[in-house]
Amino acid sequence: MIEFKNVSKTYDNGTKALKNVNLKIEDGEFVFVVGSSGAGKSTFLKIMMREQVPNSGTVTINGFNLNTMKKKDIPMLRRTMGIVFQDFRLIPTMTVFDNVAFAMRVIGTKEKEIRKRVPYVLSLVGLASKARQLPTQLSGGEQQRVALARALVNNAGILIADEPTGNVDPEMSYEIVDLLNHINANGTTVVMVTHEHNLVRHFHHRVVTIEEGEIVSDTKATEALPQNVLDAREGTVAPAPSQDTVSELERKVEEAFANQDTAPEKETVLKSLTTDMSSIPENHTSSFFYQPNEDKELEEFMQNYGLSDDDFAEDDIDYSAYLDNADNGGDAQ
């Protein structure tokens with residue numbers, strides 16, 4: 001469970017990022033967190049990951065009190081979470097297999113278990129055939145799915161996704177959220193920050209809207225989201241708008257982001273408002289997600305790619321720096 005009680009955060013420069021936030025997310029929920037740029041979404045996530053500490057109020061996650069937590073205990077908290085970033089944060093010199101396995105190796109998992117678990121998770125996200133490739137050989141959507149597999153591989157109870165669709169095309173955006181939807185259906189709590197309101201409306205989950213550091217809406221009726229400049233279209237799932245409407249949306253988005261150096265965010269917001277999702281059926285299943293027979297998939301993977309103990313010898317890579325970073329409160333993910 002995730003619980004914020006009267007949480008406020010003010011930075012040293014006087015910016016009030018969060019103001020008296022009260023929020024409870026139960027185990028197994030899927031929650032979208034939406035809001036305009038600078039609303040406080042990033043601070044909300046940083047507090048969850050214990051990168052920031054609130055000035056007042058209390059935060060409890062998975063039984064950890066984040067206010068009183070000692071620095072040495074932060075890695076233990078983060079091991080109960082899987083974290084997916086917009087910019088993927090893959091290690092470019094490692095294969096897909098090793099990028100995912102890395103999250104297990106930094107916590108000391110035995111190689112036998114890694115060889116069993118990683119192929120299984122890669123098959124869940126449709127990337128078993130890419131195990132030997134480097135991140136630079138993958139598309140943006142494939143890289144994001146590697147990041148998702150890495151977040152899932154330690155079977156964390158909470159999955160935090162920070163703008164996971166920001167660097168992929170609209171079709172792949174849908175596929176990524178659909179994967180998260182399936183993962184949530186299997187019991188994982190999902191908290192996803194996004195600008196893509198059309199995606200939010202298509203997947204009918206709880207929506208928390210943050211504006212100027214405050215929660216202004218908390219609803220499961222996604223069609224009832226507040227109508228503001230970044231959520232200018234009506235209806236649950238809308239078709240692509242006309243060119244005149246697009247021009248008007250462009251003008252409104254430009255106004256909303258005036259005097260801010262956030263061109264990528266502007267593009268993301270506009271894309272979310274103008275993507276045609278009306279043709280995607282409500283019961284559509286992601287083409288990537290399926291529940292494999294674990295033993296059969298593992299045997300086939302090992303046979304096809306010729307993996308052996310030598311491929312995973314820990315002596316080949318020095319993980320001490322990453323382990324030291326995790327022990328000192330760094331991001332082991």
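Everything numeric in this text was worked out from a predicted model, so none of it was measured.
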| request: Report yes if some heavy atom in the side chain of Ile47 is under 4.5 Å from a heavy atom in the side chain of Leu18; otherwise report no. | output: yes
| note | Taken in chain and number order and not counting sequence neighbours, the residues that satisfy side chain to side chain donor-acceptor pair (under 3.5 Å) with Asn184 are none
| request: Could you tell me which residues satisfy side chain to side chain donor-acceptor pair (under 3.5 Å) with Asn22, sequence neighbours excluded, listed by chain and number? | output: Asn6
| task | Mark yes when over 12 heavy atoms from residues, nucleotides or ligands other than Glu26 sit less than 6.0 Å from its CD; otherwise mark no. | result | yes
| field | Any side-chain heavy-atom pair of Leu23 and Ile215 under 4.5 Å | value | yes
| query | With sequence neighbours excluded, what pairs up with Asn62 under the side chain to side chain donor-acceptor pair (under 3.5 Å) test? | reply | Thr80
| message | Any heavy-atom pair between the side chains of Val193 and Leu45 that's under 4.5 Å? | response | yes
| message | Can you classify the ring geometry of Phe32 versus Phe30 as parallel (below 30°), tilted (30 to 60°) or perpendicular (above 60°)? | response | tilted
| query | Is there a chain of hydrophobic side chains (I, L, V, M, F, W, Y, each step under 4.5 Å between heavy atoms) that links Met49 to Val21? | reply | yes
| said: Please say yes or no: joined through hydrophobic side-chain contacts below 4.5 Å, possibly via intermediate residues, are Val100 and Leu138 part of one cluster? | reply: yes
| Over 12 foreign heavy atoms within 6.0 Å of NZ, Lys19 | yes
| Side-chain heavy atoms under 4.5 angstrom apart, residues restricted to Ile, Leu, Val, Met, Phe, Trp, Tyr: same cluster for Met76 and Met69? | yes
| query | Passes salt bridge (Lys or Arg N to Asp or Glu O under 4.0 Å), Asp98 versus Arg105? Steps please. | reply | CA-CA 9 Å; Asp98 284 324; Arg105 287 174 175 143; 2.8 Å; yes
| note | residues 139-172 vs ring-ring contact (aromatic ring centres under 6.0 Å, His included), sequence neighbours excluded, gives none
| said: Please confirm whether the ring centroid of Phe102 lies under 6.0 Å from the ring centroid of Phe97. | reply: no
| Given the rule that I, L, V, M, F, W and Y join up when any side-chain heavy atoms are under 4.5 Å apart, are Ile107 and Ile91 in one cluster? | yes
| Are any non-hydrogen side-chain atoms of Gln133 and Thr95 less than 4.5 angstrom apart? | no
| said: Does the Lys NZ or Arg CZ of Lys46 fall within the cation-pi geometry relative to Phe44 - under 6.0 Å from the ring centre and within 45° of the axis? | reply: no
| task | Find out if a path of hydrophobic residues (ILVMFWY) with successive side-chain heavy-atom gaps under 4.5 Å connects Leu159 to Phe203. | result | yes
| task | Verify, without hydrogens or angle tests, whether Glu113 (side chain) and Lys110 (backbone) share a donor-acceptor contact under 3.5 angstrom. | result | no
| Any residue meeting side chain to side chain donor-acceptor pair (under 3.5 Å) with Thr15, in chain and number order, not counting sequence neighbours | Asn13
| task | Give the C-alpha distance, both sets of side-chain angles, the deciding distance and a yes or no for side-chain contact (heavy atoms from CB on, under 4.5 Å) between Ser8 and Lys16. | result | CA-CA 8 Å; Ser8 295; Lys16 295 181 179 180; over 6 Å; no
| query | Does Val31 reach the side chain of Met192, with side-chain heavy atoms less than 4.5 Å apart? | reply | no
| said: Quick one, Val34 with Val200, criterion side-chain contact (heavy atoms from CB on, under 4.5 Å). Give me CA distance, side-chain angles, the key distance, then yes/no. | reply: CA-CA 9 Å; Val34 301; Val200 171; 4.0 Å; yes
| message | Please check this pair: side chain of Asn154 against backbone of Ala156, looking for a donor-acceptor N/O pair closer than 3.5 Å. | response | no
| message | Suppose we screen for ring-ring contact (aromatic ring centres under 6.0 Å, His included). Which residues come up paired with Phe64, at least two apart in sequence or across chains? | response | none
| Asn99 side chain near Val96 side chain, heavy-atom distance below 4.5 Å | no
